[in-house]
Amino acid sequence: MAVGVGLLVVVLSIFNGFQKQVKESLWQGGPHITIENSYGSGAIYDFETVIAHLKSDPKLAESFVSVEGNITSHGLIQSNNNFNPIMIRAVPIDSIEKLVENGLPNFPRILQYNRDEIPAINTKKLVVVGKEMSAIYGYGIGREITMAVPGGRFTVERGVQVNVQSFRLVGLFKTGYYNYDSKFVFLSLPQAQEFFKMKGAVNQIAIKVRSLDDLKLTKHRILSRLNEENWNQKIQDDTSWSVRTIAEEQENFLAALRLEKTIISIIVFLFIVLAALGMVATVHSLIRAKRRSIGTLKALGLASNDILLIFTLNAMIVGILSSLVGGMTGIFIATKLEVIINAISEIINGVGSILNPGDWDPVELVPKDIYYFDHIPVDIDISFIFMVTTAATILSGLAGYFPARMAANLNPVDTIRND
């Protein structure tokens, strides 16, 4: 029982930590809510008027951290003789100090940058790419990068026109979400408007909110606000609003995380159920060994309910102690998990280097380049641990009740005679 409880605490703490870190990476990586125009070319020319209209609603204004126009589009980046697909995102950069101090809400955390060049990011063709992208393509700060994006309208005669320009890499960012850090290129909004030939326009309004629990409610309020009659007839005639939340964009991924956690929880919880079944066998064996004593006590006048209570409480006390020991052990292992794994890795590498000194490759039990974490994420949920220990105690009581019921129903005369 103690092993099952401890194992469940450790496994669920790791899964909680993994989910928490992945969600934080997603939330920090991009806008929480995006507003797009699905009419015509998709450009939003009077986006500042739209933003002002949204902020005029006190409830919406209170829920926003930031609202700003940006440009997000697919593009191609040149690597050797190939063009590879990427995502290009442009946001307004109103302060270089906020940019380098990671104070812009829709710009990811910058790890490295060229101190001399980055102040000109609004006026020169400069970009910031993800740390993983720089590793994949071998880009270093100061490198010239060639990108291509669609330009103009599609025609049967000429096909799709393409704009190709070269930009200089001035910084590297990291969100902690691999797909984001390996696919996105960031630049300033004025340079993107020139690159995409969208002077004075954007194709998205990006919103960061204070509470991610209210995404659906905020989305409905935004849609209601945008679809109000006659607030700006010119804008309404040229737009067909589409509003998406980050939870909707990542719905399949987040659902897969929840399903994985549920399946693992069920599998590990079966260990506790198996331990409870073992306790049934243990209490049953105890009753068989004490049949004569039980018969003697019943002959002396001890009530059947008292015998039932004695054996049931005995099983519950064992369950409580097992739950406490397992819970505390699980918490200790979860908090020291990284130290324990590193120690095991050192032992394996030490033994391996002794047995095979020439050809031994160091072993890393949790490779950081695969799992993309600086440390093993662990999030201990005390309420969940309380629920697990309570469930284990109840199962222990049930495991002791049924054999105890058999003991309570023993006939004292037959028991003393036969035993």
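For the numbers below, each heavy atom of this structure counts, side chains included, while hydrogens, waters and symmetry mates do not. Positions are given from 1, in the same order as the sequence printed here.
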N/O donor-acceptor pair under 3.5 Å between His32 side chain and Ile207 backbone: no
Non-hydrogen side-chain atoms of Pro403 and Val280 separated by less than 4.5 Å: yes
Gly397 to Met316 - nearest heavy-atom pair and separation: CA-CG, 3.3 Å
Test side-chain hydrogen bond (donor to acceptor under 3.5 Å, both in side chains) applied to Ser79 - qualifying residues, sequence neighbours left out: none
Closest heavy-atom pair and its distance - Asp116, Asn114: N-OD1, 2.9 Å
Heavy-atom side-chain contact between Asn102 and Arg109 under 4.5 Å: yes
With Glu248 via salt bridge (Lys or Arg N to Asp or Glu O under 4.0 Å) - residues at least two apart: Lys219
Residues forming a side-chain contact (heavy atoms from CB on, under 4.5 Å) with Ile136, sequence neighbours excluded: Tyr178, Ser182
Using atom types as modelled, flag every donor-acceptor pair under 3.5 Å from a side chain in residues 44-62 to any protein atom, sequence neighbours excluded.
from  : atom 1 : to     : atom 2 : distance (Å)
His53 : NE2    : Arg225 : O      : 3.0
Ser56 : OG     : His53  : O      : 2.5
Ser56 : OG     : Arg225 : NH2    : 2.4
Asp57 : OD1    : Lys59  : N      : 3.0

Tyr180 and Phe173, any side-chain heavy atoms less than 4.5 Å apart: yes
Which residues share a side-chain hydrogen bond (donor to acceptor under 3.5 Å, both in side chains) with Arg244, sequence neighbours left out: Glu36, Glu249
Gly6 backbone acceptor or donor facing Thr329 side chain under 3.5 Å: no
Nearest non-hydrogen partners of Ala90 and Ser188, listed with the distance: CB-O, 3.8 Å
Donor-acceptor pair between Asp181 and Thr175 side chains, under 3.5 angstrom: yes
Nearest-0.5 Å distance that lies between atom OG in Ser66 and atom CG in Asn106: 4.5 Å
Euclidean distance, Ser63 OG relative to Lys208 NZ, rounded to 0.5 Å: 14.0 Å
Beyond-backbone contact of Phe186 with Val129, side-chain heavy atoms, under 4.5 angstrom: no
Sidechain-backbone polar pair: Asn37 side chain, Ala43 backbone, donor-acceptor under 3.5 Å: yes
Thr72 backbone acceptor or donor facing Asn203 side chain under 3.5 Å: yes
Val164/Thr146 under side chain to side chain contact (heavy atoms under 4.5 Å, CB included): CA gap, chis, key distance, verdict: CA-CA 7 Å; Val164 180; Thr146 301; 3.6 Å; yes
Ile88 and Phe196, any side-chain heavy atoms less than 4.5 Å apart: yes
By side-chain contact (heavy atoms from CB on, under 4.5 Å) - contacts of Glu346 (at least two apart): none
Any residue meeting side-chain hydrogen bond (donor to acceptor under 3.5 Å, both in side chains) with Asp94, in chain and number order, not counting sequence neighbours: none
Nearest-0.5 Å distance that lies between atom CZ in Phe195 and atom CG in Leu189: 14.0 Å
Heavy-atom check, side chain of Met198 versus side chain of Ile71, under 4.5 Å: yes
Derivation of the side chain to side chain contact (heavy atoms under 4.5 Å, CB included) call for Thr335 and Val378: CA-CA 7 Å; Thr335 54; Val378 174; 5.9 Å; no
Qualifying residues under side-chain contact (heavy atoms from CB on, under 4.5 Å), relative to Ile340, sequence neighbours excluded: Ile333, Lys336, Ile344
CD1 on Ile33 to CZ on Phe64, rounded to 0.5 Å: 6.5 Å
Solution key, residues 118-127 side-chain donor-acceptor pairs under 3.5 Å, sequence neighbours excluded:
from   : atom 1 : to     : atom 2 : distance (Å)
Asn122 : ND2    : Ile93  : O      : 2.9
Thr123 : OG1    : Ala120 : O      : 3.3
Lys125 : NZ     : Gln165 : OE1    : 2.8

Contact check, side chains of Thr34 and Val243, non-hydrogen atoms, under 4.5 Å: no
Residue pair Val10 / Phe332, side-chain heavy-atom distance below 4.5 Å: no
Spacing of Gln78 atom CD and Glu144 atom CD [to the nearest 0.5 Å]: 12.0 Å
Pairing residues for Asn16 by the side-chain hydrogen bond (donor to acceptor under 3.5 Å, both in side chains) criterion, not counting sequence neighbours: Lys261
For the student: nearest non-hydrogen atoms of Leu172 and Ser134, plus distance: CD2-CB, 3.7 Å
Residues Lys199 and Glu194 bridged, charged N to O under 4.0 Å: no
Exercise: identify the closest heavy-atom pair between Ser240 and Tyr39: N-CB, 3.7 Å
Greater than 12 external heavy atoms within 6.0 Å of Asn227's CG: yes
Residue pairs fulfilling salt bridge (Lys or Arg N to Asp or Glu O under 4.0 Å) with at least one residue in residues 385-401, sequence neighbours excluded: none
Side chain Thr312, main chain Leu309, donor-acceptor under 3.5 Å: no
Val202/Gln193 under side chain to side chain contact (heavy atoms under 4.5 Å, CB included): CA gap, chis, key distance, verdict: CA-CA 7 Å; Val202 298; Gln193 287 172 330; 4.3 Å; yes
Arg143 side, atom CZ; Ile141 side, atom CD1 - distance, nearest 0.5 Å: 13.5 Å
For Ser285, side-chain contact (heavy atoms from CB on, under 4.5 Å) partners two or more places apart: none
Nearest non-hydrogen partners of Tyr113 and Ile110, listed with the distance: CD2-CG2, 3.8 Å
